[in-house]
2 protein chains.
Amino acid sequence: MAEDPDLFKALGDATRRTILDELTDRDGQTLFEICGRLAMKHGLASSRQAISQHLAVLEQAGLVHTRRQGRYKFHHIDTSPLRSIVERWPIDREEPDP
Amino acid sequence: MAEDPDLFKALGDATRRTILDELTDRDGQTLFEICGRLAMKHGLASSRQAISQHLAVLEQAGLVHTRRQGRYKFHHIDTSPLRSIVERWPIDREEPDP
DNA sequence: GTTGTAGGCAAGCGTTCACTTGCCTGTCAA
DNA sequence: TTGACAGGCAAGTGAACGCTTGCCTACAAC
């Protein structure tokens, strides 16, 4: 089996999924960048600490990798863990209308 | 956006993921069949009511469809909702070792 | 050094969630 | 009709989770 509970836990929260959307749109953002853009584009009023905790969960799931540079910490998305999902439950190709 | 929170909520629980594994292995099982086989193969000691509630969540997420026949209710897996995940965050092809 | 910025750590709070318990409905066989 | 079987409904409980609050560390500009 050897499944990864952290992966599904990370995907379980709507704010974390929005963060993945944000990093898909613009990869390598800092914490404050993400906070600002989430408030702008998605109307999310999440605090900095909340986003920070979300990023920690995403990093533990392997969906986000970080890169430190001075006092900045850049966050990069990595979608490869998602492959385990479609490998576990194969998706039927193009289902025709019933 | 139009994401489906129910899908990720359904995938968020380990027992529900095991149920999906079980239905992948043998599709169209009844509630009692699933209970029995989960106890046998996976050592899960979940009660009937617990499994029933899990199946309701999976059905609401569109991952499981049901078919009534007399006093039996057969459960069928449908992995097509999973497609929205890989469409939302495209997966890189075959990452080489760093 | 002092100030401002980027981020981290940890305790507390309220909600959500999985599971149990108990009882009820519907179907089939004897 | 009676009893066994397959499943459903709803309230209650304990744990996990998301978020806040408050304080602290590290780096950079003045």
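Letters A, B, ... are given to chains in the order of the sequence lines, protein chains preceding strands, and every chain is numbered from 1. Just so we're clear, the structure is a prediction, and the values are computed from it rather than from any experiment.
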With the side chain of T15(A) defined as its heavy atoms from C-beta on, choose the nearest nucleotide among dG18(D), dA11(D), dC19(D). dC19(D)
Common cluster, F74(A)/L31(A), ILVMFWY with side-chain heavy-atom separation under 4.5 Å: no
Proximal nucleotide (of dG22(D), dC19(C), dG7(C)) relative to the A50(B) side chain: dC19(C)
Quick one, T24(B) and T79(B) - any side-chain contact, counting heavy atoms below 4.5 Å? no
Contacts of Q53(B) and Y72(B) projected onto DNA chain D by closest heavy atom; the upstream (5') one is Y72(B)
What is the separation between atom CG on D6(B) and atom P on dT16(C), rounded to the nearest whole Å? 14 Å
Taken to the nearest whole Å, CD1/I19(B) to C1'/dC19(C) is 13 Å
Below 4.0 Å: OP1/OP2 of dG8(D) and any side-chain N or O of S52(B): yes
Donor-acceptor pair, distance only, cut-off 3.5 Å: does the side chain of S47(A) make one with the backbone of A50(A)? yes
Among dC19(C), dG8(C), dT21(C), find the nucleotide with the atom closest to the side chain of Q49(A). dG8(C)
Any N/O donor-acceptor pair, Q69(B) side-chain to dT27(C) base, under 3.5 Å: no
Whichever of R71(B) and K73(A) has the more 5' nearest nucleotide on DNA chain C, that residue is K73(A)
Does R68(A) get its side chain close enough to the base of dG7(C), under 3.5 Å, for a donor-acceptor pair? no
Could you work out which one of dG18(D), dA18(C), dG7(C) sits closest to the side chain of D13(A)? dG18(D)
Give the rounded distance in Å between these two atoms: NE2 of H75(A) and P of dA6(C). 13 Å
Test log, rule side-chain contact (heavy atoms from CB on, under 4.5 Å), inputs E22(B) and K41(B): CA-CA 9 Å; E22(B) 198 26 61; K41(B) 299 170 56 179; 2.9 Å; yes
